[in-house]
Amino acid sequence: MDCTPARLLICLCLVIPLCAAEQPDKPDKPKHRHLRQRDAEFVDKYSTCVQGPAGVQGRDGNPGVNGIPGTPGIPGRDGARGEKGECISERFEDPWRPNFKQCAWNSLNYGIDLGKIADCTFTKRRTDSALRVLFTGSLRLKCKTACCQRWYFTFNGAECTAPLPIESIIYLDQGSPELNSTINIHRTSSVEGLCEGVHAGLVDVGIWVGTCADYPRGDASTGWNSVSRVIIEELPK
């Protein structure tokens, strides 16, 4: 609502007596106090002037200091009970210790074509381990026509099946007219491999010679004029 001249006049008439009545050196009478209070209430009630524009926004004040630390909260309740866990039993084993053996022969000069050449006994400590076997020595094959010989390992009389047999072959295609011809070459060769599935305990490891499948046998020789050896080693899987 706008301030009309009449309202302004009334405001002035009310304000001037109030200012003239304020005399600090004279005691204020109860009647005068009552009139001033009534006039102030009238001014507050009927002086509705237009509000001016907003002032410029002030700057942010300085950050306040840290407040007093709060008191500890109420302890929480226990959570729901979890599911029962699985029982896992730990397996304690002795540390792995090397276990190996070597059997050696000087100048076997073994001329059989079929059968066991040599053997070496070995004590296997664990069933879940593997055996590494090695034969090294001089091998030779002679024949008139094509022939083949096979050198292989056995474990307690049986060939390895896990995963496969351990073997080495010599094949000769062009033979000599006579078995006692000058074609008579001896070479140091080896038979080597790993065998699994052999039970713990005493194991008879043998090296054998035999024929190849679908080929006739020739004149075989093993360990001529040199050292032959079998090495056996137990390995963890």
Novice: Between Lys116 and Ala118 (side chain of the first, backbone of the second, donor and acceptor by atom type, cut-off under 3.5 Å), is there such a pair?
Specialist: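 Looks like no, no N/O pair under 3.5 Å.
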
Novice: Is it the case that over 12 heavy atoms from other parts of the model lie below 6.0 angstrom from the OH atom of Tyr171?
Specialist: yes

Novice: Under 4.5 Å between side-chain heavy atoms, hopping through other hydrophobics if needed: is there a path connecting Leu139 to Ile112?
Specialist: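 Same cluster: Leu139 reaches Ile112 through Ile, Leu, Val, Met, Phe, Trp or Tyr contacts under 4.5 Å.
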
Novice: For salt bridge (charged side-chain N to carboxylate O under 4.0 Å, His left out), just list the numbers for Lys101 and Glu233, CA-CA rounded to whole Å, side-chain angles, deciding distance to a tenth of an Å, and then say yes or no.
Specialist: CA-CA 6 Å; Lys101 183 178 181 180; Glu233 182 181 9; over 6 Å; no

Novice: For a 4.5 angstrom cut-off between non-hydrogen side-chain atoms, does Leu141 reach Cys147?
Specialist: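 A side-chain contact under 4.5 Å exists here.
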
Novice: Hey, is the main chain of Ala130 close enough, under 3.5 Å, to the side chain of Lys237 for a donor-acceptor pair?
Specialist: no

Novice: Looking at Phe153, is its backbone amide N or carbonyl O close enough to the side chain of Glu167 to form a donor-acceptor pair, meaning the two atoms are under 3.5 Å apart?
Specialist: no

Novice: Between Cys160 and Phe155, what is the shortest heavy-atom contact and its length?
Specialist: CB-CE1, 3.8 Å

Novice: If you look at every heavy atom in Ile232 and Cys120, which pair is closest and at what distance?
Specialist: CD1-O, 3.7 Å

Novice: side-chain contact (heavy atoms from CB on, under 4.5 Å) between Glu196 and Val198: does it pass, once the steps are laid out?
Specialist: CA-CA 6 Å; Glu196 301 175 7; Val198 180; over 6 Å; no

Novice: What are the two closest heavy atoms between Ser190 and Leu134, and how far apart are they?
Specialist: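 The pair with the smallest heavy-atom distance is CB-CD1, 4.0 Å.
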
Novice: Checking Asn99 side chain against Thr123 main chain: does a donor-acceptor pair fall under 3.5 Å?
Specialist: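 Yes; judged by distance alone, with no hydrogens or angles, the pair exists.
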
Novice: With a 4.5 Å limit on heavy-atom distance, are the side chains of Trp224 and Ser138 in contact?
Specialist: yes

Novice: Thr136 versus Thr188: any side-chain heavy-atom pair under 4.5 Å?
Specialist: yes

Novice: Between Ser129 and Glu234, does any side-chain donor sit less than 3.5 Å from a side-chain acceptor?
Specialist: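 Yes, because at least one side-chain N or O of Ser129 sits under 3.5 Å from a partner of the opposite role on Glu234.
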
Novice: When you measure from the side chain of Arg125 to the backbone of Arg97, do you find a donor-acceptor pair of N or O atoms at a distance under 3.5 Å?
Specialist: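 It does hold such a pair.
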
Novice: With heavy-atom distances below 4.5 Å as the criterion, would you say the side chains of Ile231 and Phe100 are in contact?
Specialist: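 Not in contact.
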
Novice: Looking at side-chain heavy atoms only, is the closest gap between Thr211 and Gln149 below 4.5 Å?
Specialist: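 Of all side-chain heavy-atom pairs linking Gln149 with Thr211, at least one is under 4.5 Å.
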
Novice: Would you say the side-chain atoms of Trp151 and Ser168 include a donor-acceptor pair closer than 3.5 Å?
Specialist: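 The answer is no; no qualifying pair exists.
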
Novice: With a 4.5 Å limit on heavy-atom distance, are the side chains of Ser228 and Phe135 in contact?
Specialist: yes

Novice: Starting from Ile170, can I reach Ile117 by hopping between I/L/V/M/F/W/Y residues whose side chains sit under 4.5 Å apart?
Specialist: yes

Novice: Give me the atom names and distance for the closest heavy-atom approach of Trp105 to Cys103.
Specialist: CZ3-O, 3.5 Å

Novice: Would you say Val230 and Leu108 are hydrophobically clustered, going by side-chain heavy atoms of ILVMFWY under 4.5 Å?
Specialist: yes

Novice: State, with a plain yes or no, whether a side-chain heavy atom of Ile166 is found less than 4.5 Å away from one of Cys195.
Specialist: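 Sidechains of Cys195 and Ile166: in contact.
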
Novice: Would His199 and Asn156 satisfy side-chain contact (heavy atoms from CB on, under 4.5 Å), going step by step from the backbone distance to the final call?
Specialist: CA-CA 10 Å; His199 294 288; Asn156 292 329; over 6 Å; no

Novice: Could you tell me whether the side chain of Arg187 reaches within less than 4.5 Å of the side chain of Arg140, counting heavy atoms only?
Specialist: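 Counting from C-beta outward, Arg140 and Arg187 never come under 4.5 Å.
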
Novice: For the pair Lys142 and Asp113, find out whether any cationic side-chain nitrogen is under 4.0 Å from an anionic carboxylate oxygen.
Specialist: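 A salt bridge is absent here (no side-chain N lies under 4.0 Å from a carboxylate O).
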
Novice: I need the single residue from Leu194, Val205, Ile207, Val191 that forms a side chain to side chain contact (heavy atoms under 4.5 Å, CB included) with Val133. Which is it?
Specialist: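 That would be Val205; it is the only one of Leu194, Val205, Ile207, Val191 passing the side chain to side chain contact (heavy atoms under 4.5 Å, CB included) with Val133.
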
Novice: Give a yes or no on whether a salt bridge exists between Glu159 and Arg150, defined as a side-chain N under 4.0 angstrom from a carboxylate O.
Specialist: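 Judged by the 4.0 Å cut-off on N to carboxylate O distance, Glu159 and Arg150 do form a salt bridge.
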
Novice: Taking all non-hydrogen atoms of both residues, which atom of Ala200 and which atom of Thr127 are closest, and how far apart?
Specialist: N-OG1, 3.2 Å

Novice: Would you name the heavy atoms of Cys143 and Leu172 that are closest together and state the gap between them?
Specialist: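 Result for this residue pair: SG-CD2, 3.7 Å.
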
Novice: Please check this pair: side chain of Asp173 against backbone of Ala146, looking for a donor-acceptor N/O pair closer than 3.5 Å.
Specialist: no

